[in-house]
Amino acid sequence: LALPAQTQTATTGGEIAAPNYGSDASVGSLSNRNFNTPESDGRPGAYYFALGVQAIKDGDYRHAIDMYKVAASWAYKPAEYNLGIMYFKGQGVRVDRARGAAWMILAAERDNLLYVKARDLMVTTLTKAEFQQTDEIWNQLKPTYSDAVALRRAKARWAQVKAATTGSRVGDAASEYLMVGG
């Protein structure tokens, strides 16, 4: 998977679209034994999260962050959680506690207990200046990564893939019940 030199986001209908790392409709058709089913085609967040995990294993933190951001744009909360930890602790990037807390606030949107605890721990250790920065960063991230936008994007993708799935749920056994006009 080749990444463009400059990652860009596009605006569509007043919303910011998913970051452009090739996270379009062809994502599930990539030749990867774990991601070539209709279910995985409809869940690009899981795909890009797996690429981020592999990048971490390979020691390529910059690529991991890029992949986690794409996964987060598809409402994949584990990616937002990992971004929060990486920035807050400085894992593969310089320490940016405000950015880490902003990502963790997004991760906790659905009230997952682990993410809520991490958010609360991070936010309570911030200085006043860091808290103000967190708020600014969070407001910058929301138009792309909040559930109000990203979850709607992910659900639309799932519906698109589901509608495009072909084949009979009944299978060949239904052929004996076909009526032939005569």
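In what follows, every heavy atom counts, from backbone to side chain, and hydrogens, waters and symmetry copies are set aside.
The hydrophobic cluster containing Val116 does not contain Ile85, counting ILVMFWY residues as joined when their side-chain heavy atoms lie under 4.5 angstrom apart, directly or transitively. Neither Leu151 nor Ile105 shares a network with the other; the hydrophobic side chains, linked directly or stepwise wherever heavy atoms of I, L, V, M, F, W or Y lie under 4.5 Å apart, form separate groups for each.
Of the inter-residue distances, the one linking Lys89 atom NZ with Arg97 atom CZ reads 12.0 Å to the nearest 0.5 angstrom. Interatomic distance, Phe131 CZ to Trp138 CH2, rounded to the nearest 0.5 Å: 9.5 Å. Interatomic distance, CH2 of Trp103 versus NZ of Lys77, reported as 9.0 Å (0.5 Å rounding). For the atom pair Leu51 CG and Gln54 CD, the distance stands at 8.5 Å (nearest 0.5 Å).
Exactly one of Val93, Leu141, Ile65 qualifies for a side-chain contact (heavy atoms from CB on, under 4.5 Å) with Leu83. That residue is Ile65. Checking Arg94, Arg99, Met122 one by one against Tyr87, the side-chain contact (heavy atoms from CB on, under 4.5 Å) holds for a single residue, Arg99.
The cationic atom of Arg43 (NZ for Lys, CZ for Arg) does not lie both less than 6.0 Å from the six-membered ring centre of Trp158 and within 45° of the ring axis.
Annotation for Asn112 and Leu114: closest pair OD1-N, 2.9 Å, computed over non-hydrogen atoms. Of all non-hydrogen atoms in Ala64 and Gly52, the two that sit nearest each other are CB-O, 3.5 Å. Closest approach of Gln91 to Tyr61, counting heavy atoms only: O-CD2, 3.9 Å. In plain terms, the two heavy atoms of Leu106 and Ser146 that are nearest each other are CD2-CA, 3.9 Å. Between Thr125 and Glu130, the shortest heavy-atom distance links the atoms O-OE1, 4.2 Å. The two residues Phe88 and Leu126 make their nearest non-hydrogen contact at CE1-CD2, 4.0 Å.
Without hydrogens or angle criteria, Arg153 side chain to Ala75 main chain gives no donor-acceptor distance under 3.5 Å.
Considering only heavy atoms from C-beta on, Asp147 comes within 4.5 Å of Arg110 through its side chain. With a 4.5 Å cut-off on side-chain heavy atoms, Ile56 and Met86 count as touching. Within the 4.5 Å cutoff, no side-chain heavy atoms of Glu109 are placed close to those of Tyr115. Side-chain atoms of Phe49 and Met67, non-hydrogen and from C-beta on, never get closer than 4.5 Å to each other.
In summary, the aromatic rings of Tyr48 and Tyr76 are positioned with their centroids too far apart to meet the 6.0 Å limit.
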